[in-house]
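In what follows, chains are A, B, ... by sequence order, proteins preceding strands, each numbered from 1.
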Amino acid sequence: MLQTATQNSDSTRAESSLDVELRKVFKVFNGETAVRGVEFDICRGEFFSILGPSGCGKTTTLRMIAGFETPSAGEVLIRGESMNHVPPYQRPVNTVFQSYALFNHLRVWDNVAFGLRIKRLGRAEVQARVDEALALVKMEAFASRYPSQMSGGQRQRVALARALVNRPAVVLLDEPLGALDLKLRKQMQVELSNLHQDLGLTFVMVTHDQEEALSLSDRIAVMKDGRIEQIDSPDRIYEQPSTPFVADFIGDTNLFEGHLEAIDPTSVLVRTASGVKIVIALPDSFQAEVGDKVVVSVRPEKIDLSLYRPEDAVDCYEGRLEHSMYLGTHMHYTLKLLSGEYLTVRQPNTWANLPDRHTPVYASWMAKDGVVLKA
Amino acid sequence: MRDTARDSQPKNTIVTPLEEEIPTDMSNSKARFPLSWQAIFTGALFLFMYLPILVLMFYSFNQSAYSAGWEGFTLEWYRRLFADDRIGKALFNSVKVAGLAVAVSAVLGTLMAVGLSRYEFRGKKLYQGISYLPLIIPDIAISVATLVFLAAVGISLSIWTIVAAHIVFCLAYIALAVSTRLADLDSNLEEAALDLGATPVEAFLKVLLPQLMPGIASGCLIAFVLSMDDLLISSFTAGAGATTLPMEIFSRIRTGVKPDVNALSVILIGASGILAFVAENLRYRSEQQ
């Protein structure tokens, strides 16, 4: 089956280099709409992440690509072919499950060989490919172990080898590192990234960990309530979020709700209910009119703190230090502005003496560091 | 800022307790009472449960057939037992009934448990309740119901009617054992197999079934022992000549307990014990995996 998929893709390669396409896909479970009109294209060799809070429909979307769920409406295409009526065992995809779903009655080697044996490949080829896959995830030494005799990280590697050995068009990863502890997760992130680069396969990963998505992906689709909020590269998702939800979900941010008071060729002026005026550089494609409700997002690390009012700052606000949190490499400050808003600020851990509650502190940022979003 | 923060912080002092401040560890109390009331109670309970069996064993090796006193060791009763044709035939019937009932129930029970856990359908809860009902319904009710039913539809009693009646409760026991095992399994197992290219049938045979095997085996062993042991249902549903071992024993002790029945009982207890041990061992090892 993998063979036919590859052959077909060869003939379509000229016109399309898309591995996965979703066309207005819906999924309804017992009257609950889990996925509402999701549409995206995933290019060949891309590392694509679907990111969102739990219950946003990201896993359901992945399961529809794998074939475990059938779309209630819309179409899933893999390498240009409609997959709506193709069962999971005939799709050129392989999944790494969050729970790993290893076969406990089989040794590691046989777990990895499972897919190849099902396809009735020759003994020599199975041997060669399984050994190669185990080497890829550095698990050769564990070939004759049973899954129950291994740690979480080792099982994770076996699950990865079991998927990769089939050389699928698309590798689907459902929260692949979710069950690992922090140190191991960081390590596996690097290995996953290396594997992706070395193999050149298309990876589609579902995660709720924004840091994981940012560090691994070529592109990220942020989902909320079954809908896609934004699809973009990690830096654009972070720097240029297109909705307040994306700004808030990815990283920390300060959000100011207000009205658009003026637009000029280079910047916009936003006035919050409490009277704070914020100047933001005009985004590339901004469609709003004076008087519209907007939200301004400013990242904590873009904000500068000083004890004296900077002379040239456009966005500069006086406040008092309410709270500071020691984070090792960074300090996390909470500032109460004179207007009443709270501001979170992140600075490298350099300040020796902190001002007290009564000393004026000035928070400032550059007009280009803020993002204005339609509420 | 730092100063004000420090004021609101709790004071941290490192406590170094004196030896007499440390409360007495209650687990040390066992030294004072080497024979606690729990140990006495446990011993009494074991005696209560197993003394009759010990007495039975005692008589099965006793030379005297009638006296209560010990008159020397003998294997005579065991020898006579193995020479007895009727016992042999009854044993054969029992094994045949238990074997057939368990074989049929193993297939049906496994499919039932898998179906109930993997699929959603209308009336699933009701079906689930009904299928495990034979575990609770008194045997006598099953016996009477089966007899009345068989009479009503005009099926004459034979060894096959015993098998059919035994399937009723064997099925429930095996399905229960399998569904317990199923609940412990990774819910993505079959999906993982499908994902790797296995058809649903291959996924069931190559992945699900091997992982369910410990549950199926332990369920079968329990069901086998229960079927071998059953007197009530068998005697209601047995046709002429279809005498099972418990029926044979029961008919013999009505004319007084003979030592060869003692010997038979000891063998049965031993065999059941071994089977139960194997079943429990299988279950334990599957949990370890």
Side-chain angles (χ1 to χ4, degrees), chain A residues 1-2 29-30 63 66-69 87-106 110-121 146-149 159 162-163 165-166 168 172 174 320-325 333 351-359 361, chain B residues 1-10 12 110 114 117-125 178 180-218 282-289:
Chain A
M1 198 34 66
L2 189 65
F29 291 112
N30 305 324
R63 289 172 60 83
F68 303 134
E69 308 285 355
Y89 49 93
Q90 290 176 353
R91 297 190 183 201
V93 301
N94 283 113
T95 309
V96 177
F97 292 88
Q98 182 174 15
S99 59
Y100 314 141
L102 294 180
F103 306 138
N104 285 330
H105 63 294
L106 298 176
D110 298 303
N111 260 283
V112 177
F114 190 89
L116 303 179
R117 285 181 175 158
I118 286 284
K119 293 188 195 78
R120 314 222 188 292
L121 295 186
Y146 281 100
S148 59
Q149 300 166 322
R162 190 177 67 174
V165 76
N166 303 292
L172 305 175
D174 182 9
R320 301 286 183 272
L321 196 55
E322 280 272 315
H323 186 76
S324 65
M325 200 189 286
Y333 303 107
W351 275 26
N353 291 311
L354 290 172
D356 66 17
R357 265 171 201 276
H358 312 293
T359 311
V361 174
Chain B
M1 186 69 203
R2 276 261 163 90
D3 287 339
T4 53
R6 190 173 297 156
D7 285 345
S8 59
Q9 274 172 4
N12 293 320
T110 305
V114 172
S117 87
R118 290 296 191 261
Y119 298 98
E120 290 298 328
F121 50 88
R122 273 171 75 103
K124 176 175 162 172
K125 281 267 183 293
V178 175
T180 312
R181 173 85 183 140
L182 256 178
D184 292 340
L185 290 184
D186 191 324
S187 57
N188 294 127
L189 272 182
E190 285 158 285
E191 286 179 353
L194 294 178
D195 189 71
L196 293 166
T199 61
V201 174
E202 283 176 313
F204 178 75
L205 292 178
K206 293 190 174 176
V207 172
L208 200 56
L209 204 55
Q211 303 239 28
L212 287 179
M213 255 329 169
I216 297 171
S218 77
L282 273 176
R283 202 181 56 77
Y284 175 75
R285 267 198 291 174
S286 74
E287 271 170 16
Q288 293 298 299
Q289 221 185 42

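Residue pairs that meet the salt bridge (Lys or Arg N to Asp or Glu O under 4.0 Å) test with at least one member in residues 196-215 of chain B, sequence neighbours left out, are A:Arg120-B:Glu202.
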Step-by-step side-chain contact (heavy atoms from CB on, under 4.5 Å) determination, B:Met213 to A:His105: CA-CA 10 Å; B:Met213 255 329 169; A:His105 63 294; over 6 Å; no
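Using a 4.5 Å cut-off between heavy atoms, A:Leu102 contacts chain B through its backbone alone, with no side-chain atom that close. With a threshold of 4.5 angstrom between heavy atoms, B:Ala193 approaches chain A through its backbone and through its side chain.
Taking the side chain as every heavy atom from C-beta outward, B:Val207 and A:Phe114 approach each other to under 4.5 Å. Between B:Asn188 and A:Phe68, every side-chain heavy-atom pair lies at or beyond the 4.5 Å cut-off.
In the displayed structure, B:Phe121 atom CZ is contacted under 6.0 Å by more than 12 heavy atoms of other residues, nucleotides or ligands.
A search for salt bridge (charged side-chain N to carboxylate O under 4.0 Å, His left out) contacts involving A:Asp110 returns A:Arg117, not counting sequence neighbours.
Closest approach of B:Leu189 and A:Ala101 over heavy atoms only: CD2-O, 3.8 Å. Closest approach of B:Leu196 and A:Asn166 over heavy atoms only: CD2-ND2, 3.2 Å. When all heavy atoms of A:Tyr89 and B:Pro200 are compared, the closest pair comes out as CE2-CD, 3.2 Å. Scanning all heavy atoms of the two residues, the minimum distance from B:Asp186 to A:Ser99 falls at OD2-OG, 2.8 Å.
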